[in-house]
**Q** 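Just dropping this structure here.
First the proteins, then the strands, lettered A, B, ... as listed; each starts at 1. None of these values were measured; they are calculated from a predicted model. Because only heavy atoms are used, hydrogens play no part in the values below, and waters and symmetry mates are left out as well, while side chains stay in.
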There are 2 protein chains.
Amino acid sequence: MAVAPGKKSEPTVAGYTLDDQIGFILRKVSQRHTAIFSAAFGNDLTAPQWATLAKLYEMGPTSQNQLGRLIALDAATIKGIVDRLSVRGFTETSPDPDDARRVVVALTDAGRAEAERGFALAQRISDETLAPLDATQRAQLITLLKAMS
Amino acid sequence: MAVAPGKKSEPTVAGYTLDDQIGFILRKVSQRHTAIFSAAFGNDLTAPQWATLAKLYEMGPTSQNQLGRLIALDAATIKGIVDRLSVRGFTETSPDPDDARRVVVALTDAGRAEAERGFALAQRISDETLAPLDATQRAQLITLLKAMS
DNA sequence: GGTAGATCGTTTGTATGCAAATAATTCTCC
DNA sequence: GGAGAATTATTTGCATACAAACGATCTACC
């Protein structure tokens with residue numbers, strides 16, 4: 001017998017088990033992270049919005065598409081996020097004097113303050129997400145995931 | 001000096017580096033998986049749609065919310081997915097005779113055929129997603145992620 | 001200097017995800 | 001057996017994601 005009966009609980013075709021697939025597990029882990037994130041930031045910021053503020057804080061004013069590339073958001077998605085952040089006064093956009101195609105995105109004072117307030121929260125979110133793992137496992141996980149990104 | 005200048009490339013506040021955060025890395029890894037998935041399945045099925053067919057194949061007819069719970073999709077999301085799969089003839093729904101609240105979701109013959117065709121593709125997608133890692137690393141990663149889900 | 005190709009940003013359409021509110025039904029427990 | 005609580009499904013609203021098509025602008029290269 002190739003498979004011990006009654007031991008594993010999810011038999012399918014040719015040994016494929018949805019619950020063991022990397023894509024399925026990734027989605028569940030991401031869901032848990034999202035839940036932790038919104039418990040910490042509340043309705044204030046979503047994870048992509050936080051990424052946008054944090055990266056702008058780090059890089060200074062950046063063209064919209066370039067900003068999206070830095071945080072892995074495509075042109076359509078970063079536009080929506082910047083629009084919403086701008087409506088709320090965290091970012092502002094202006095034409096690039098050197099390139100009429102470009103829109104430069106910058107933090108407002110309120111956006112800078114929000115970013116500075118966010119770093120502590122964001123750190124806590126990462127810690128809580130990784131809480132089931134010890135320090136060695138955390139380092140392993142990050143290394144393995146980075147190899148796959 | 002606490003931090004070697006010029007060594008790390010992403011200095012921010014209090015040592016927080018967006019690019020090293022678990023949430024950010026998870027999003028990028030998920031993006032890569034999504035790209036691999038749609039390259040394999042084309043416009044045929046999305047990952048949640050595949051999860052739905054695969055789980056139905058495994059479990060047989062299941063109430064809609066229960067099905068969603070098994071694959072980590074909330075009631076609103078599983079409804080949309082089942083609706084779309086039903087329009088395309090892969091699933092069908094019927095009232096549960098034992099509980100008037102429930103809707104039972106089942107595979108059609110076409111859905112069963114699609115599922116059987118999909119297992120090989122899905123296996124390939126998982127392999128390709130994990131391709132940067134060797135067998136030991138793959139097992140480690142899956143173990144660590146499962147501990148976090 | 002002029003054009004072909006690349007880049008930038010926008011828009012549209014579709015598909016998750018998730019929160020919140022609602023109606024219908026079932027369950028619990030006194 | 002009946003009221004209150006829980007469950008099931010639906011609907012609405014909002015926020016990512018991503019593909020595709022588009023016009024405007026820039027760059028490369030002849």
**Q** Once you round it to whole Å, what is the distance between C1' of dA15(D) and CG of Leu45(A)?
**A** 13 Å

**Q** Counting heavy atoms from C-beta on, name the nucleotide in dC18(C), dA17(D), dT25(D) closest to the side chain of Asp99(A).
**A** dT25(D)

**Q** Which nucleotide in the set dT16(D), dC8(C), dA24(C) lies at the smallest distance from any side-chain heavy atom of Arg101(B)?
**A** dA24(C)

**Q** At under 4.0 Å, does any side-chain N or O of Arg27(B) touch on OP1 or OP2 of dT16(D)?
**A** no

**Q** Take atom CG of Asp74(B) and atom P of dG17(C), then tell me their distance rounded to the nearest Å.
**A** 9 Å

**Q** To the nearest Å, how far apart are Gln49(A) CD and dC14(D) P?
**A** 14 Å

**Q** Please report the distance, rounded to the nearest Å, between CG in Asn65(B) and P in dA6(D).
**A** 17 Å

**Q** Do the side-chain N or O atoms of Gln31(B) get closer than 4.0 angstrom to the phosphate oxygens (OP1, OP2) of dC18(D)?
**A** yes

**Q** Hey, does Ser63(A) reach any base, or is it just sugar-phosphate, or nothing, if we go heavy atoms under 4.0 Å?
**A** sugar-phosphate

**Q** In this structure, how many angstroms lie between the C1' atom of dT16(D) and the CZ atom of Phe37(A), rounded?
**A** 13 Å

**Q** Counting side-chain heavy atoms from CB outward, which of dT10(D), dA19(D), dT25(D) is closest to Ala100(A)?
**A** dT25(D)

**Q** Relative to the ring of His33(A), is the ring of Phe37(A) parallel (under 30°), tilted (30 to 60°) or perpendicular (over 60°)?
**A** tilted

**Q** Select one nucleotide: of dA17(D), dT10(C), dA19(D), the one nearest the side-chain heavy atoms of Gln64(A).
**A** dT10(C)

**Q** Do the two ring centres, one from Tyr57(B) and one from Trp50(B), sit under 6.0 Å apart?
**A** no

**Q** Whole-Å distance between dT8(D) P and Asp98(B) CG?
**A** 14 Å

**Q** Whole Å only: how far is the CG atom of Leu26(A) from the P atom of dT16(C)?
**A** 17 Å

**Q** Just do the salt bridge (Lys or Arg N to Asp or Glu O under 4.0 Å) check on Asp44(B) and Arg117(B) with the steps written out, would you?
**A** CA-CA 11 Å; Asp44(B) 225 16; Arg117(B) 190 181 75 86; 2.3 Å; yes

**Q** Given dA15(C), dA15(D), dC18(D), which nucleotide is nearest the side-chain atoms of Thr46(B)?
**A** dA15(C)

**Q** Find which nucleotide of DNA chain C each of Ala35(A) and Ile81(B) is nearest to by heavy atoms, and output the residue with the more 5' nucleotide.
**A** Ile81(B)

**Q** Taking the nucleotide of DNA chain C with the nearest heavy atom to each, does Lys79(A) or Ala72(B) sit closer to the 5' end?
**A** Lys79(A)

**Q** Check side chain to side chain donor-acceptor pair (under 3.5 Å) between Gln137(A) and all other residues, then give those that pass, not counting sequence neighbours.
**A** none

**Q** With sequence neighbours excluded, tell me which residues meet side chain to side chain donor-acceptor pair (under 3.5 Å) with Lys146(A).
**A** Asp20(B)

**Q** Any donor-acceptor pair under 3.5 Å between the side chain of Arg102(B) and the base of dT8(D)?
**A** no

**Q** Select from Ala76(A) and Pro48(A) the residue whose nearest nucleotide in DNA chain D is closer to the 5' end of that strand.
**A** Pro48(A)

**Q** Taking CD1 from Ile71(B) and P from dC18(C), how many angstroms apart are they, rounded to a whole number?
**A** 12 Å

